[in-house]
2 protein chains.
Amino acid sequence: MDDISPIRAKSGTNQEGTSAHNRRVMIEALRLNGALSRADLARATQLTKQAVSNIIEDLESDGLVIALEAVRKGRGQPSTPYRLVPEGAFAIGLQIDRHLTRAVAVDLVGSVLARAEANLPFDEPSKGVEVILGLVGGVRRELSQMSAQSEERLVGLGVAMPGPFGLKNSDDKWMMPAWQKFPLLETLAEGTGLNVSLQNDAAACATAERIVGAAHGVDHAVCLYVGYGIGAGLILNGELYSGGYGNAGEIGMALLSPAGPGSTPLEHRASLASLYQHLGLNPADDDIYQQMNGLVAAEDPKIIAWIDGAAHDLRWSVHLIETIFDPQTVILTSGAPEALARRLVEAMHPLLPSIADRPERNLPRLQLGTTDPWSIALGAAAAPISRAFDPLFSAILKTRSRGA
Amino acid sequence: MDDISPIRAKSGTNQEGTSAHNRRVMIEALRLNGALSRADLARATQLTKQAVSNIIEDLESDGLVIALEAVRKGRGQPSTPYRLVPEGAFAIGLQIDRHLTRAVAVDLVGSVLARAEANLPFDEPSKGVEVILGLVGGVRRELSQMSAQSEERLVGLGVAMPGPFGLKNSDDKWMMPAWQKFPLLETLAEGTGLNVSLQNDAAACATAERIVGAAHGVDHAVCLYVGYGIGAGLILNGELYSGGYGNAGEIGMALLSPAGPGSTPLEHRASLASLYQHLGLNPADDDIYQQMNGLVAAEDPKIIAWIDGAAHDLRWSVHLIETIFDPQTVILTSGAPEALARRLVEAMHPLLPSIADRPERNLPRLQLGTTDPWSIALGAAAAPISRAFDPLFSAILKTRSRGA
DNA sequence: CTAATTAAGTCAAGCGAATTGACTTAATAG
DNA sequence: CTATTAAGTCAATTCGCTTGACTTAATTAG
């Protein structure tokens with residue numbers, strides 16, 4: 001089952017790896033800077049003009065970049081800027097949550113082109129998969145009507161669902177136990193014919209912030225996601241970090257004090273689930289979002305009390321995150337209505353002192369990220385895009401040929 | 001001062017990057033597996049036999065690897081294993097602490113070949129640098145008597161000192177304020193002619209555990225260092241993570257509860273400084289180590305009380321670390337005598353439940369790492385070795401040519 | 001208006017590191 | 001003794017980046 005040889009080693013690389021890396025570097029540069037000429041790219045990437053020219057030519061013929069009008073800027077031959085072609089690649093993203101599932105189709109630059117949602121049977125994964133495959137099929141058809149080449153340009157299916165994954169069987173009903181055991185990825189891969197990847201919802205949120213949000217181009221950011229549960233998506237050295245077993249950032253289970261097993265996990269105090277409980281709301285209600293919005297607008301004392309309590313714990317979470325990661329910024333995202341999230345961020349100020357409290361900052365210590373309920377699905381879809389086009393260490397390595 | 005162009009992009013690569021990466025992969029494979037034949041290396045790294053042969057030939061002529069006796073193992077031509085040559089490279093490591101400074105010289109495989117220590121004037125960096133340069137010169141001379149080529153094979157000087165670095169000027173006397181302002185790296189670079197790099201002491205401890213300790217070959221490990229202060233060295237994806245501004249892992253400043261600025265930082269409860277204070281010991285005493293050892297051996301009630309208190313907080317720190325990083329293992333290292341550290345680890349059990357509490361673990365959740373007081377200096381020295389020989393993403397990138 | 005300058009981008013040859021496939025060497029199994 | 005298996009070499013090839021000269025097209029100086 002495992003490798004025959006117990007030899008531990010990283011994989012080597014060759015010119016293919018070089019070329020793949022350089023292509024990815026170009027794409028990232030265009031993503032971060034909008035439009036660049038070949039000369040700009042050569043300077044930025046340290047490659048020669050000629051190498052850049054060849055790569056750009058390739059990318060152009062692959063339909064990933066396109067030339068804009070030449071621009072005159074001072075002396076010398078005018079330069080021809082290039083930009084990414086959004087229709088150069090597509091991915092499907094899937095958010096699977098407790099009572100709900102959403103699918104989106106996005107393009108190379110992270111625009112959402114199609115979306116669909118449905119209710120999900122909480123404890124019946126095999127039925128749920130039918131629903132999910134239906135949604136995926138739907139956005140996929142919609143996508144193919146927008147672009148003739150969508151199918152061959154589809155790089156994968158990214159799935160986001162609440163973690164943690166792969167623990168001992170737990171009956172904690174917050175954790176969707178039935179889904180934890182179900183061979184979801186295999187089933188989806190077979191049902192769609194796509195490459196399938198999995199991340200937890202907080203990681204997906206971070207991925208979303210990275211492709212189109214506040215973490216765009218930021219190499220060290222932590223994305224606090226306050227959803228039904230709470231988690232942190234970690235962007236370290238420009239890549240999503242998922243830990244030794246894929247569960248990094250699952251801070252919902254962090255105990256709030258050293259007092260032992262009896263102490264409360266963060267998730268029970270600062271999550272929408274705790275809010276619903278506090279307010280006596282039913283998360284399965286269709287108008288839960290409007291209910292929350294209304295309560296915030298009305299400055300309902302109970303919701304204000306919850307905000308203060310949650311802010312108290314979140315303020316400290318930010319302190320810990322800053323102390324541990326020393327990130328450039330912390331981004332709070334939420335599935336709650338924007339007004340609520342904004343109140344929460346305001347209530348978290350003033351922040352606790354920490355090493356992040358330094359003079360020459362250029363990003364805020366804490367900022368409000370997206371509150372779009374679709375951003376998890378977007379982040380899910382962004383993962384395959386990132387894997388296919390971002391400059392990653394793993395992308396230069398030779399891939400292990402499928403051994404028998 | 002800064003880049004002229006505001007274009008953000010990663011650097012590209014070329015055949016030099018490929019070659020550098022492959023060399024590093026070979027070296028790492030030999031480091032992790034002891035001795036491997038060319039055929040083994042080819043299988044492990046996915047390179048062709050021929051490529052491996054060429055690289056090994058190069059490494060051999062560079063004096064970094066050497067052939068062992070051919071071994072017969074079943075059918076086929078006997079294989080010739082290669083191993084690293086310890087004398088293939090050297091580095092100097094420097095620990096600068098509050099009252100003390102240590103220098104070591106290590107070789108390619110992390111063996112300490114020379115060591116020296118001296119007292120350090122706490123608040124007079126300019127005098128201190130004289131002392132430090134003296135120590136470095138000493139181990140360097142000692143080294144050159146052991147190996148004729150030591151000078152040209154010296155890859156750098158690694159410095160470890162208590163962080164955090166680069167904050168607002170603080171008068172916290174735990175933080176060696178005078179040293180924070182002093183242009184230490186520049187002075188040392190000039191004084192030694194070596195490449196100088198800096199990390200905090202916990203990071204150095206993690207680096208040490210990685211090259212010769214419990215984290216050898218482990219890609220996701222967190223090293224808790226209980227020294228005068230307390231910190232965490234983070235090994236993520238096989239590389240040391242140092243955060244956006246170099247201060248990741250400085251958990252000594254983490255507040256122990258969400259109760260606000262008045263709450264206690266971890267460092268004030270679980271660090272040797274807190275122990276000294278608790279016991280009324282003077283950390284500048286020469287026999288402080290023996291004093292602690294004696295108290296532990298005598299089961300002194302005050303030290304037992306401290307152990308229980310510190311273990312309480314450390315247990316929770318491990319819980320948080322596991323919840324946030326999902327590492328393969330947590331390693332506790334300390335500058336305290338081994339008996340004390342062992343008692344501390346024992347007192348931390350049973351550990352708090354966390355996502356690390358999974359069935360199919362192959363490493364312990366918490367293990368005792370080194371308690372050798374010289375390991376910080378060793379880790380400091382290991383940093384330049386790692387930078388020069390480990391397969392790092394940054395090592396494949398083209399280096400920016402020095403612009404005017 | 002002309003010439004000099006500056007910068008973008010191309011052309012064609014060259015280079016270097018991994019690949020390929022045949023070959024050699026040297027052991028064991030039968 | 002022969003077939004088989006595996007390590008390792010040889011020589012030619014490939015592929016992507018580099019090099020340096022060249023072309024194109026703009027602005028600036030006189």
Practice task
Give a yes/no on whether any side-chain N or O of B/N54 is located under 4.0 angstrom from OP1 or OP2 of C/dA18.
Solution key: no
Problem - Residue-phosphate contact under 4.0 Å: B/T48 side-chain N/O, C/dA18 OP1/OP2 - result: no
Handout entry: A/P78 or B/Y82, whichever maps to the more 5' nucleotide of DNA chain D
Key = B/Y82
Problem - Phosphate OP1/OP2 of D/dA7: any B/R43 side-chain N/O under 4.0 Å - result: yes
Handout entry: Donor-acceptor pair, side chain of B/R210 and main chain of B/H216, under 3.5 angstrom
Key = no
Handout entry: Comparing A/Q77 and A/Q15 on DNA chain C - which has the more 5′ nearest nucleotide
Key = A/Q77
Handout entry: Check: C/dC11 base within 3.5 Å donor-acceptor of A/Q50 side chain
Key = yes
Exercise for the section: Measure from CD1 on B/I56 to P on C/dA18 and round the result to the nearest Å. Expected result: 12 Å
Practice task
Tell me which of A/K49 and B/K49 sits closer to the 5' end of DNA chain D, going by the nucleotide each one is nearest to.
Solution key: B/K49
Problem - Between C1' of C/dA7 and CZ of A/R38, the distance in whole Å - result: 15 Å
Exercise for the section: Tell me whether the OP1 or OP2 atom of C/dA8 has a side-chain N or O from A/S79 closer than 4.0 Å. Expected result: no
Practice task
May I ask you to decide if B/S19's main-chain N or O and B/R24's side chain share a donor-acceptor pair within less than 3.5 Å?
Solution key: no
Practice task
Please determine, for the side chain of A/R72, which listed nucleotide (D/dC17, C/dG9, D/dT27) has the closest atom?
Solution key: D/dT27
Problem - B/S37 side-chain N/O to D/dA7 phosphate OP1/OP2 under 4.0 Å - result: no
Problem - Protein-nucleotide distance (B/L47, atom CG; C/dT20, atom P), rounded to Å - result: 11 Å
Practice task
Answer yes or no: is there a donor N or O on one side and an acceptor on the other, between the side chain of A/R140 and the main chain of A/S150, under 3.5 Å?
Solution key: no
Fill in the blank from the handout: Taking D/dC17, C/dG9, C/dA18 as options, the one with an atom nearest any side-chain atom of A/N14 is C/dA18
Exercise for the section: For D/dT18, take OP1 and OP2 only and decide whether either is under 4.0 Å from a side-chain N or O of B/K398. Expected result: yes
Exercise for the section: Using a strict cut-off of less than 4.0 Å between a Lys/Arg side-chain nitrogen and an Asp/Glu carboxylate oxygen, indicate whether A/K398 and A/E16 qualify as a salt bridge. Expected result: no
Practice task
Using the closest heavy atom to pick a nucleotide of DNA chain C for each, name whichever of A/R75 or A/T13 lands nearer the 5' end.
Solution key: A/R75
Problem - N/O (side chain, A/T80) to phosphate O (OP1/OP2, C/dG9) under 4.0 Å - result: yes
